[in-house]
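Quick notes on the structure that follows.
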Protein chains: 2
Amino acid sequence: MTTIIAPSSSEEKILRMVKDEDVIYIGIDVKSFPNGELLARITDINRADDKILLYFPLFPDTNNNFVLLLQILEIIRYYKENSRLLVIIPYLSYSRQDRRFLMGEALSLKVILNSISQYNPSFLIFYDVHNISSVIKMSKTPFIHLSVIHEVFKRALYKLSIQPSNILLISPDKGREYVVKNLSKKFGCTYAIVSKVRDKISGEVTFSFTDIDMDGFDAVFIVDDEISTGGTMAGVARYVVQHGNHNVYALASHLLLVNNAEERLFKSGVKDIFGSDTIPRKYSIFSIFETFSWLIKSL
Amino acid sequence: MTTIIAPSSSEEKILRMVKDEDVIYIGIDVKSFPNGELLARITDINRADDKILLYFPLFPDTNNNFVLLLQILEIIRYYKENSRLLVIIPYLSYSRQDRRFLMGEALSLKVILNSISQYNPSFLIFYDVHNISSVIKMSKTPFIHLSVIHEVFKRALYKLSIQPSNILLISPDKGREYVVKNLSKKFGCTYAIVSKVRDKISGEVTFSFTDIDMDGFDAVFIVDDEISTGGTMAGVARYVVQHGNHNVYALASHLLLVNNAEERLFKSGVKDIFGSDTIPRKYSIFSIFETFSWLIKSL
């Protein structure tokens, strides 16, 4: 039997998704002290079997949740030293700080991965990390990398009733090129790349577009791994609208949507936003809990 | 030559205190991203010598600062792999969670210590940790433990112009007994113990006092390792005042003073608060920077 350990807030959703599996669910309690310290507790940890699936989102409130994740791993390892432990981190925070962009900077992604590896999880599950090759280099723990962008794309197509052949996919930077390329190959749509150059000091972003006829398509999907403040997406969307296509949509695996990202996107001409629930939002059209049955079997 | 790495906010204070030493000072920059992630940078890290003293307070904003501390250690180890590295953590956060008070709880202190040890500091410096024997058990890194409560006591005596023989020291729980015992032996004052019982579930505190004539002393000093919300201190102070001594003072190494601790203490009859600047407050009468020259020499 598999034990799923997860925050109480996700109990219902998880149990609905894995109802055909032989699992028990155990919740996590969190106590906050007046001095800002946090304390995780898994009251029922002794009920856990030796196959444990831990689901623990880091976003939002990332640094507090990171401290809690380490505490939860410590609890599991203390009470279930030799359990087979699969850790699902739906959105891998700090994944964009995967190299030292400037002299003297921390390699934060490595700090996160190393700290987690201290507790010897059997393996980690990540969804659409920013740069998979950096995680391959840094992670001391074996991991499974799942991509949900194909599912998000399929469901967006279905919702909008558009044929993939009438869609232009745009990648807002070189790093995502392989994603739109793969989607295009698999579904038979066209793709274009936008090169984004970010000034390392000021953070200012400039775009350079490939020469393509924007208004020759029923819709334009801008595809990225995440939408944070939506600045990049909004910049690309404005360009698309200015070049004659008003059916522009934002697609991403992770919908951080911080500050006024939604307003910014809609103002720039984006008609809708689509993503997964690695971060639950009203725009989440694919649930990663659909992958849980498969993950339980792989334990 | 020794390199001191510390937040820019403490540069002036540190340099004033170590002015006779052969040191260079290097600051730490911190960037906050809209998604809540933080990034530490030590621009001048290449200027660092192979003897490094890192001063980094965790309180307040403990969990964010803990993530930053790990990043800073990562930077130092990347650029100065084999440096002799002394890490000063003035107030060791999570030091009260030094055992599992309830089934299934995290041992947070161990989590903090283990994470820091990943970066192989040469040794750690702590001031008046709550329970030194738990740190001895848990720390994989050698450490130096310094007590500042004697200095705080001496300066409080001087400020109030009271003879130690006319002072009653009270320890608000069994765990601090050795502190008031030592102070009494060294300075020739009297001491008493108050037993505090905290309900593990509700957190409610009840006291039981030793039988002593409270009004037979010029002043009563309640001595603890830290003052957080001031609840315990206030309870003891009220008892002292009710039993006829209105000259009651609160002494502690660490002045967290969260929520409305000051108001609570003064309302309960406490006349003044004395502590160190492991957490800088207007009541700090001893500066731990006075210990830095000695620490630099021990590097």
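As a basis for the values below, the full set of heavy atoms in this structure was taken, side chains included, without hydrogen atoms, waters or symmetry mates. Proteins come first, then strands; the chains are lettered A, B, ... in the order of their sequence lines, and each starts at number 1.
- Residues A:Phe33 and B:Thr62 fail the side-chain proximity criterion, which asks for heavy atoms closer than 4.5 Å.
- Neither the backbone nor the side chain of A:Arg96 comes within less than 4.5 Å of any heavy atom in chain B.
- Every residue two or more places apart in sequence or in another chain that forms a side chain to side chain contact (heavy atoms under 4.5 Å, CB included) with A:Arg264 is listed here: A:Thr229, A:Ala234.
- Contacts of B:Leu38 with chain A are made by both backbone and side-chain atoms, with heavy-atom separations under 4.5 Å.
- For B:Pro34, the parts lying near chain A are the backbone and the side chain together; criterion is any non-hydrogen pair under 4.5 Å.
- One finds the NZ atom of B:Lys31 at 7.0 Å from the CD atom of A:Glu105 (value rounded to the nearest 0.5 Å).
- With a 4.5 angstrom heavy-atom cutoff, A:Val258 touches chain B only via side-chain atoms.
- Contact of B:Asn259 with chain A is made through the side chain alone, with heavy-atom distances under 4.5 Å.
- For a residue to count as touching a neighbouring chain, one of its non-hydrogen atoms must lie under 4.5 Å from one of that chain's; by this rule A:Asn46 touches chain B with backbone and side chain alike.
- Residues of residues 85-92 of chain A placed with any heavy atom under 4.5 Å of a heavy atom in chain B are listed by number as A:Tyr91.
- The contact between B:Leu256 and chain A is made entirely by side chain atoms (from C-beta outward), counting heavy-atom distances below 4.5 Å.
- Contact annotation for A:Ser228: only side-chain heavy atoms (C-beta onward) come within less than 4.5 Å of a heavy atom of chain B.
- Your options are A:Leu257, A:Val111, A:Ile112, and the one with the most heavy-atom pairs under 4.5 Å with chain B is A:Val111.
- Evaluation of the salt bridge (charged side-chain N to carboxylate O under 4.0 Å, His left out) test over residues 37-49 of chain A, restricted to residues two or more places apart or in two chains, returns A:Asp44-A:Arg47.
- Interface with chain B: from residues 74-82 of chain A, residues A:Glu74, A:Ile75, A:Tyr78, A:Tyr79 qualify, criterion being any non-hydrogen pair under 4.5 Å.
- Taking CG of A:Leu107 as the start and CD of B:Gln71 as the end, the distance is 9.5 Å to the nearest 0.5 Å.
- At a 4.5 Å heavy-atom cutoff, the contact between B:Ser115 and chain A is made by backbone and side-chain atoms alike.
- Side-chain atoms of B:Asn63 and A:Asn63 form no donor-acceptor pair, as typed in the model, at a separation below 3.5 Å.
- Chosen from A:Asp29, A:Thr43, A:Asn64, A:Asp61, the residue pairing most often with chain B at heavy-atom distances under 4.5 Å is A:Asn64.
- When side chains are defined from C-beta on, B:Asn114 counts as touching A:Gln118, because their heavy atoms get closer than 4.5 Å.
- The closest side-chain heavy-atom distance from B:Leu70 to A:Phe66 is below 4.5 Å.
- Put simply, the side chain of B:Leu39 does not reach to within 4.5 Å of the side chain of A:Tyr94, judged on heavy atoms.
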*asked:* Test side-chain contact (heavy atoms from CB on, under 4.5 Å) on B:Met103 and A:Ile45; report intermediate values, then the result.
replied: CA-CA 8 Å; B:Met103 161 79 198; A:Ile45 185 68; 3.6 Å; yes

